[in-house]
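Nothing fancy with the numbering, it's 1 onward along the sequence. Keep in mind that what you see is a predicted model, and the values were worked out from it rather than measured.
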Amino acid sequence: MNIRKNIFSILSFILALCLRDQLNAVTPCIYNLNPKGIIDLTSIGRMDGTPAWKNVHPEISDKHVYSYNPCHSFTQYTCIDVAACQTYETDEKLVYSLGNQNSMQWEVQTSKDIVTLVYNSGDRKLSVYLNCLKPGEPNKLEVHGYDSVAKIFTMTLSSECACWDGCKNGPTPPKLPNKLGGGAVFILILVILTTIYLIGFMTFNKFQRHESGINILPHRQFWIALPGYALDGILFTLRKVTSKGTTYTAV
């Protein structure tokens, strides 16, 4: 009887471990096996079949450009359903897959807090290092190119979502200015008052005075004469500055 109980306990323990691993299974988008929190890249990658970063030049030119889309697959010419693609600089149709989303492996060095996404296409391998940014900072991809020593292509993905629990509840929206400047407030008030002035007087002239055409404009004679008044004032001021005598006719 005790043997049966022990066997049942062992099987229950194994089943619990399997269920725990199933619940905590990692995906190309989410890593949740670390006590520090969750890394969720879902919101970084595009979902329309195009890469979030297309034809990015490496730090040192190697006659190629690179496209990358975390989490979701994209297609670029013969790079079909991939996570990353290498393209010959002078021929966009000459492309090489750097791995698809299903090939991606999370490499987490907890002691150094280094997280790397590793992709493999068979003949090419790509490592994407994650760099944690402050909330609200824009996502950025740096392409380092081919590491001939490690025989691997390398990139660095910088994002708020690369932080532990950085995008647990979605990315932080971009920061907006806290308040308008004095000049902007003045212009806004001026536009509002001008609009009220025009609409108010045009409505009055239309329905109370039964005006039409150009006569519907408020204080039409004043606004027509205003440029002439302004020109007279400028000429008067210039003559005073240049010490030329003049007489000024009152308006």
Side-chain angles (χ1 to χ4, degrees), residues 16-47 51-62 64-74 82-86 96-175:
L17 287 178
C18 291
L19 289 174
R20 185 200 66 180
D21 291 340
Q22 183 69 25
L23 292 172
N24 291 331
V26 296
T27 71
C29 302
I30 299 173
Y31 184 89
N32 61 357
L33 301 182
N34 194 296
K36 291 185 177 181
I38 296 173
I39 292 181
D40 188 348
L41 306 178
T42 306
S43 60
I44 302 179
R46 294 177 63 94
M47 301 178 65
W53 288 273
K54 182 178 181 181
N55 295 343
V56 179
H57 290 269
E59 295 173 345
I60 299 176
S61 177
D62 60 0
H64 292 86
V65 289
Y66 298 82
S67 300
Y68 177 61
N69 196 56
C71 189
H72 309 290
S73 300
F74 71 92
V82 298
C85 187
Q86 180 191 33
Y96 305 95
S97 169
L98 297 180
N100 57 35
Q101 300 294 351
N102 291 332
S103 73
M104 197 270 276
Q105 298 290 326
W106 293 82
E107 290 188 357
V108 181
Q109 299 182 40
T110 305
S111 59
K112 298 181 180 180
D113 203 18
I114 298 175
V115 180
T116 309
L117 313 180
V118 181
Y119 302 84
N120 199 326
S121 67
D123 57 343
R124 284 174 170 78
K125 194 174 180 181
L126 169 67
S127 284
V128 180
Y129 305 105
L130 298 187
N131 179 41
C132 175
L133 293 181
K134 295 179 180 178
E137 291 189 23
N139 299 328
K140 182 175 64 173
L141 180 72
E142 300 169 88
V143 178
H144 309 301
Y146 184 68
D147 186 338
S148 58
V149 177
K151 299 186 184 302
I152 191 171
F153 294 90
T154 59
M155 302 177 181
T156 297
L157 174 61
S158 300
S159 172
E160 171 190 356
C161 296
C163 309
W164 296 109
D165 287 340
C167 289
K168 184 178 181 180
N169 300 315
T172 304
K175 293 182 179 179

Report task. List the steps, then state whether side-chain contact (heavy atoms from CB on, under 4.5 Å) holds for Leu117 with Tyr68. Result -> CA-CA 12 Å; Leu117 313 180; Tyr68 177 61; 3.5 Å; yes
Requested in this report: Enter the distance from Thr27:OG1 to Met104:CE here, rounded to the nearest 0.5 Å.
Outcome: 7.0 Å
Report task. Nearest 0.5 Å please: distance from the OG atom of Ser159 over to the CG atom of Leu130. Result -> 8.5 Å
Report task. Under the side-chain contact (heavy atoms from CB on, under 4.5 Å) rule, what do Leu98 and Tyr66 come out as? Steps first, then yes or no, please. Result -> CA-CA 9 Å; Leu98 297 180; Tyr66 298 82; 3.9 Å; yes
Query raised in the report: Could you state the interatomic distance from NE2 (His64) to CZ (Phe153), rounded to the nearest 0.5 Å?
Result: 7.5 Å
Report task. Check for a donor-acceptor pair, side chain of Gln101 on one end and backbone N or O of Asn69 on the other, with a separation under 3.5 Å. Result -> yes
Query - Atom CD of Glu137: over 12 foreign heavy atoms under 6.0 Å - result: yes
Query raised in the report: Okay, side chain of Ser67, backbone of Asn55: is any donor-acceptor separation there less than 3.5 Å?
Result: yes
Report task. Determine whether Pro51 and Cys85 make a side-chain contact, defined as any pair of heavy atoms from C-beta on separated by less than 4.5 Å. Result -> no
Query raised in the report: Just wondering, more than 12 heavy atoms not from Lys36 lying within 6.0 Å of its NZ?
Result: yes
Report summary line: When every non-hydrogen atom of Pro138 is compared with those of Leu133, the smallest separation belongs to O-CD1, 3.4 Å
Report task. For residues Val118 and Ser127, report the shortest heavy-atom separation together with the two atoms involved. Result -> CG2-OG, 3.9 Å
**Report entry** Shortest non-hydrogen contact between Glu59 and Glu142, atoms and distance
**Finding:** OE2-OE1, 4.3 Å
Query raised in the report: Is there side-chain contact between Pro70 and Leu157, with at least one heavy-atom pair below 4.5 Å?
Result: yes
Report summary line: Output for pair (Leu126 CG, Ser121 OG), nearest 0.5 Å, gives 9.0 Å
Requested in this report: Output the distance between atom OH (Tyr31) and atom CH2 (Trp164), rounded to the nearest 0.5 Å.
Outcome: 6.0 Å
Report task. Could you please spell out the steps behind the side-chain contact (heavy atoms from CB on, under 4.5 Å) verdict for Thr42 and Ile30? Result -> CA-CA 7 Å; Thr42 306; Ile30 299 173; 4.1 Å; yes
**Report entry** Between CH2 on residue Trp106 and CD1 on residue Ile39, distance to nearest 0.5 Å
**Finding:** 5.5 Å
Query raised in the report: Ignoring hydrogens and geometry, is there a side-chain-to-backbone donor-acceptor pair from Asn120 to Lys125 under 3.5 Å?
Result: no
Query - Side chains of Trp53 and Ile44 in contact at under 4.5 Å (non-hydrogen atoms) - result: yes
